[in-house]
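Note that ligands are numbered from 1 as they come in the structure, with each ligand's atoms numbered from 1 the same way.
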Amino acid sequence: MTDTALVDAQQAAAATWWRQAAVYQIYPRSFADADGDGLGDLPGIRSRVDYLAELGIDAIWLSPFYPSALADGGYDVADYRDVDPRLGTLADFDELIAALHERGIRVIVDIVPNHTSDRHAWFQEALAAGRGSAARARYLFREGTGESGEEPPTDWESVFGGSSWERVADGQWYFHHFATEQPDLDWDHPEVREDFLKTLRFWSDRGVDGFRIDVAHMLTKDFSEPLPSRAELELIPQDGAHPLLDRDDVHEVYAEWRRVFDEYDPPRTAVAEAWVSTPERRAKYASAAGLGQAFNFDLLEADFDATEFRTVIADNLAQAQASGSSTTWVLSNHDVTRHATRYGLPPLAGRPVKQGTEWVAAGGPPDGVDLDQGARRARAATLLILGLPGSTYLYQGEELGLHEVAEITDGERQDPAFFRGGAYDGLGRDGCRVPLPWTADGASFGFGDAVAHLPQPRWFAQHAVEVEAQDPTSTLSLYREALRLRRLLQTGEQLDWIETGREDVLRFTRPNGWQVVANFGTEPYPLGAPSDAVVLGALLDDAVPGESTVWIAPAQLLG
Ligand code: GLC
């Protein structure tokens, strides 16, 4: 290769690192607490960079660490270009990025553009400036209905439950998709658009490699009068012209963002959190002229079922090919019941994913909860998705095989979804946000010197990093080995199915001969291949045991 060709190849690789990356999501307040106040922080993450490097991930995604009143776990941002003083300083952020980059780990940060916190300077200004002011025009203020405007403008419900309108002292109402402390911005306002470009440059200049865009499908709205009622709203198709969701005009925003991303070398990447109605609509967010990639949440909503998995995998690979993006795989994040617990519950059969916590807390649903089965299936599903083309997003604690924590009293809960009783049914999302156990004992299992901000159950001791790191059969050891092998085996973005003659067994091969065999059933699946070719997972009498996955690879791929 000539020098120029080598440089070109290196540049191309740097620009496409995200296509098949393993990205580890950190929920900063619950990862590691360096200053002993019970809340995780940036220096805490910095102190665990070796752990992240050893885990073998390609990038981390940091959930919000910005100044916040924590009305929604940090997704209520009071200042987009600073660090919450309880979590550190901008200097701590710079040090963290430098330490991660030194280890070859890239950094994605969360951008929350749909709404600010009610503590944001703009919203405070809007409250003070009064109706009709320029400051109110950055948000969605409207007059109420009823004789003296005492009723909200519409009967719409917010995602977390209750009205999506809140009244302010002078009688006007403002719109909020989520908690009352999260007023929605008006994305028709040029200052709003300008300010986010500034934020994207601010973090890109500090060396951030990419962005995760919170509720990317909600930003633009059509609030022209008359506003429809809730019943009318529900009948409007989500095909690009819905007043509130997944509007076509949101892509003008992302086209502008793309121009900013492309000012950098390598271009900054982005992944959309877009809960939209069809794979085709999702592809718009993933387009190269827009954010470039979009989360695929289909597996979050699927049961541990070979047929469902196969359909989801095939559909998403086809869609990724059509859009030119690469797909993403997600089994857990900070918004849903951990997959080790989900897979121990009876089939979802259409019920919301979140009901898991409530059932576990109640000692199980009528059909029972089997946590060991859940853990087994979670390992099998994770090994399956790590073998797929595309990028994988892992959520902190899943590498320890953590279950959802149900032992949180009402008084200890923090999630607004629990208090308002909206879309996240039951107990809300705190159960997957409990601070990680690093050691088997100590005030907070090594999370920090103080008691953690959400209670850690006693069983966390068994899952502590120091315990699992010593045990070659632990979930942590499995994740480390899988991520190490994945780096060696990762290849082109194709997949060919191998028919197994079994409805409950999926088997596929990647172009270089790396095979993944996932047995979703309980009957062993005879492999019909030399067992020394199995590089990950264990056989029993030359068969893949029930509820497990193995990887097969030609020796030369392992160097
Ligand atoms: C996203 C986040 C969730 C948050 C919501 C509002 O769905 O993942 O945690 O509550 O947006 O910002």
Side-chain angles (χ1 to χ4, degrees), residues 23 25-31 61-80 84 108-120 123 139-140 157-162 164 166 175-185 187 196 199 211-219 221 244-246 250 270-276 282 285 291 294-297 300-301 328 330-338 352-354 357 393-397 404 413-434 454:
V23 184
Q25 180 188 356
I26 292 185
Y27 194 73
R29 288 174 180 81
S30 299
F31 189 71
W61 148 28
L62 286 174
S63 276
F65 49 82
Y66 315 110
S68 168
L70 300 188
D72 181 19
Y75 284 88
D76 45 320
V77 179
D79 181 349
Y80 292 90
D84 190 307
I108 293 176
V109 300
D110 221 309
I111 296 290
V112 189
N114 177 67
H115 42 266
T116 68
S117 156
D118 59 355
R119 312 278 180 99
H120 191 282
F123 195 72
Y139 292 90
L140 295 161
E157 272 195 19
S158 71
V159 175
F160 292 155
S164 47
E166 183 71 6
F175 174 80
H176 57 93
H177 254 307
F178 293 92
T180 48
E181 297 88 345
Q182 292 167 297
D184 278 41
L185 287 164
W187 272 87
F196 275 89
T199 295
F211 300 94
R212 177 261 187 192
I213 313 304
D214 192 66
V215 291
H217 60 304
M218 286 184 169
L219 276 49
K221 287 150 193 124
L244 296 181
L245 300 170
D246 189 23
V250 79
V271 56
E273 185 212 18
W275 296 86
V276 298
R282 191 193 304 144
Y285 294 83
L291 296 175
F295 280 125
N296 150 24
F297 293 127
L300 284 183
E301 287 165 339
T328 60
V330 186
L331 293 174
S332 278
N333 64 29
H334 65 297
D335 287 331
V336 298
T337 307
R338 286 188 178 277
V353 213
K354 210 40 231 182
T357 323
Y393 285 77
L394 306 167
Y395 175 52
Q396 70 176 42
E404 189 81 0
R413 291 201 174 269
Q414 300 174 6
D415 185 3
F418 167 70
F419 297 104
R420 295 176 64 91
Y424 298 88
D425 291 355
L427 296 177
R429 302 164 295 177
D430 293 315
C432 62
R433 299 175 175 183
V434 175
L454 276 170

Just to verify, what does Tyr139 make a ring-ring contact (aromatic ring centres under 6.0 Å, His included) with, not counting sequence neighbours?
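With sequence neighbours excluded, Tyr139 shows a ring-ring contact (aromatic ring centres under 6.0 Å, His included) to Phe123, given in chain and number order.
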[X]: numbered ligand 1 atoms lying under 4.0 Å from its heavy atoms:
X      : answer
His115 : 6 (C), 12 (O)
Asp214 : 1 (C), 2 (C), 5 (C), 6 (C), 8 (O), 11 (O), 12 (O)
Asp335 : 2 (C), 3 (C), 7 (O), 8 (O), 9 (O)
Phe178 : 5 (C), 6 (C)
Arg429 : 3 (C), 4 (C), 9 (O), 10 (O)

Taking Asp415 for its side chain and Arg429 for its backbone only, find out whether a donor-acceptor pair lies under 3.5 Å.
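Between the backbone of Arg429 and the side chain of Asp415 there is a qualifying donor-acceptor contact (under 3.5 Å).
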So, the side chain of Asp76 versus the backbone of Leu70: is there a donor-acceptor pair under 3.5 Å, distance only?
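Yes: the side chain of Asp76 pairs with the backbone of Leu70.
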Tyr393 vs Phe295 aromatic rings, parallel, tilted or perpendicular, using cut-offs 30° and 60°?
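Tyr393 vs Phe295 ring planes: perpendicular.
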Which bit of His177 gets closer than 4.0 Å to ligand 1, counting heavy atoms only: side chain, backbone, both or neither?
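Near ligand 1, His177 shows nothing, with every heavy atom at 4.0 Å or more.
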Arg433, portion touching ligand 1 at heavy-atom distance under 4.0 Å:
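Looking at Arg433 and ligand 1, just side chain atoms fall under 4.0 Å.
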Aromatic centroids of Phe178 and Tyr75 separated by under 6.0 Å:
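Distance test on ring centres: not under 6.0 Å, no.
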Is the shortest distance from a heavy atom of [X] to ligand 1 less than 4.0 Å?
X      : value
Arg212 : yes
His176 : no
Phe160 : yes

Residues in side-chain contact (heavy atoms from CB on, under 4.5 Å) with Val77, at least two apart?
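For Val77 the side-chain contact (heavy atoms from CB on, under 4.5 Å) partners, ignoring immediate neighbours, are Tyr66, Tyr80, Val112.
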Between Asn333 and Tyr27, is there a side-chain donor-acceptor contact under 3.5 Å, judged purely by atom types and distance?
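No - no donor-acceptor pair under 3.5 Å links their side chains.
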